[in-house]
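No experiment lies behind these values; they were computed from the predicted model shown. Counting convention: from 1, in listed order, for ligands and their atoms alike.
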Amino acid sequence: MENLVSHHSVVLLGISGSPRKASTAFVIREALAYAAKKSKAKTDYFSLQGKGINFCVHCDYCIRERKGCIQKDSMTEAYEKMEEAEAFIIGTPVYNGSVSGQLKTFFDRCRGMVAKNPDALKNKVGAGVAVGGDRLGGQELALLTIHSFYQANKMIPVGGGPFGANLGGAVWSRDLGEEGARKDAEGLRTVYKTVDRLVEVAIRLKESSNRT
Ligand SMILES: Cc1cc2nc3c(=O)[nH]c(=O)nc-3n(C[C@H](O)[C@H](O)[C@H](O)COP(=O)(O)O)c2cc1C
C-alpha cells in the first residue's frame, strides 16, 4: 500500500535573485542544504540567473482574463514551483540599498499568478536573505522589500528572531562572490537561524491546517 505520510517536514523553495552564480546563489543553496539535513525539508530551487524574465508591462491582461500572465517566459516554471512550495526563502544581492532589479521584476510578474488565484500564495511562509558587498550596504531594507512582497500576497513573513538574525539572513560578501559569502561565518549564522524559524513556523501552520 502506498505510504501516504510524507517523510518530509515541509516543501521549501529557495529563490536566488542574482543574475550571477555567485554569493547569493551559494547562500540560498546553503540554506536549502541546511533545511534538508536538519529539518527534513523537501527542497526546490529557482535561480534568476540567465532567465531573461521580462518586465511586467501593466497590460492588465491578468486582471481582465484571470488566466495568468500573457507573457510566456521562465516565469511559467517559477509559478509552478511557487504553487507547490509551502515555505520560501528568497535571496537577493543588495543593489543600491534594496533588492536586485531582477528580483523586483520577478515580484512584479507574480501579479499574473495572484490575479488568476488571489489565494495562490495564501498562508505560505516566507523568509529573506540579503547579500551585500558592504557590511551595512542596505541588507535590512532589501529584507523588508522581500517581506513586503510576502505581505502583499497573503503570505506570512518571518525573520530569524532576536539576538542575531532579526529581519532575516544578512550576509557580507565583500564583493568577493561565493568565496566572500563563505567566509562570513556570522552572516551564515543569521541564515541558519532564519531557516530554523522559517521551518518552525511552516510546520506549525501545516500541523494546524491538518487538524481543521
Ligand atoms: C548594480 C549594483 C549595485 C550594488 N549596490 C550595492 C549596495 O547598495 N550595497 C551593497 O552592500 N552592495 C552593493 N552591490 C554589491 C553586491 O551586493 C555584492 O557584490 C553581492 O555580493 C553580489 O551578489 P552575487 O555575488 O550573488 O551576484 C552592488 C552591486 C551591483 C552590481
* To do: Using a strict 4.0 Å cut-off to heavy atoms of Pro93, name the atoms of ligand 1 that fall inside it.
  => 22 (C), 23 (O)
* To do: Consider every N or O of Ala22 and every N or O of ligand 1, then say whether any pair is closer than 3.5 Å.
  => no
* Note, Lys38 side chain near Asp196 side chain (heavy atom, < 4.5 Å) -> yes
* Asked: Which of the atoms in ligand 1, numbered in the order shown and given with their element, are less than 4.0 Å from a heavy-atom of Asp175?
  -> 15 (C), 16 (C), 18 (C), 19 (O)
* **atom 25 (O) of ligand 1 [closest protein heavy-atom partner, distance rounded to 0.1 Å]** => Ser23 OG, 2.6 Å
* So is there a nitrogen or oxygen of Gly97 less than 3.5 Å from a nitrogen or oxygen in ligand 1? -> yes
* Asked: Going from OH on Tyr34 to CG on Leu12, what distance comes out if it is rounded to the nearest 0.5 angstrom?
  -> 12.5 Å
* Structure fact -> From the list Lys124, Lys206, Arg204, Lys122, salt bridge (Lys or Arg N to Asp or Glu O under 4.0 Å) with Glu86 holds only for Lys206
* Asked: What's the shortest distance from atom 31 (C) of ligand 1 to any protein heavy atom, and which residue and atom give it?
  -> Tyr95 CE1, 3.7 Å
* For atom 13 (C) of ligand 1, which candidate among Asn96, Ile28, Val94 holds the nearest heavy atom? -> Val94
* **Contact partition for Ser18 relative to ligand 1, non-hydrogen atoms under 4.0 Å** => side chain
* Does any N/O atom on Gln139 come nearer than 3.5 Å to any N/O atom on ligand 1? -> no
* Flag the pair Gln102 / Ile53 as yes when at least one side-chain heavy-atom distance between them is below 4.5 Å, and no otherwise. => no
* Atom OG1 of Thr92 and atom CG of Leu143: how far apart are they, to the nearest 0.5 Å? -> 9.0 Å
* Contact atoms of ligand 1, heavy-atom distance to Ser173 under 4.0 Å -> 18 (C), 19 (O), 20 (C), 21 (O)
* Asked: Quick one: do Val158 and Leu144 end up in the same hydrophobic cluster if we chain Ile, Leu, Val, Met, Phe, Trp and Tyr together by side-chain heavy atoms under 4.5 Å apart?
  -> no
* **Any N or O of Gly137 closer than 3.5 Å to N or O of ligand 1** => yes
* Structure fact -> The protein heavy atom nearest to atom 11 (O) of ligand 1 is Asp134 N, 2.9 Å
* Asked: Of all the atoms in ligand 1, which lie at a distance below 4.0 Å from a heavy atom belonging to Gly133?
  -> 10 (C), 11 (O), 12 (N), 15 (C), 16 (C), 17 (O), 18 (C)
* To do: For Gln139 and Val94, indicate whether the former's side chain and the latter's backbone hold a donor-acceptor pair under 3.5 Å.
  => no
* Connected via hydrophobic side-chain network under 4.5 Å: Leu32 and Val129 -> yes
* Asked: Relative to each other, are the rings of Tyr150 and Phe88 parallel, tilted or perpendicular (30° and 60° limits)?
  -> perpendicular
* Asked: If we only count N/O pairs under 3.5 Å, is Ala25 in contact with ligand 1?
  -> no
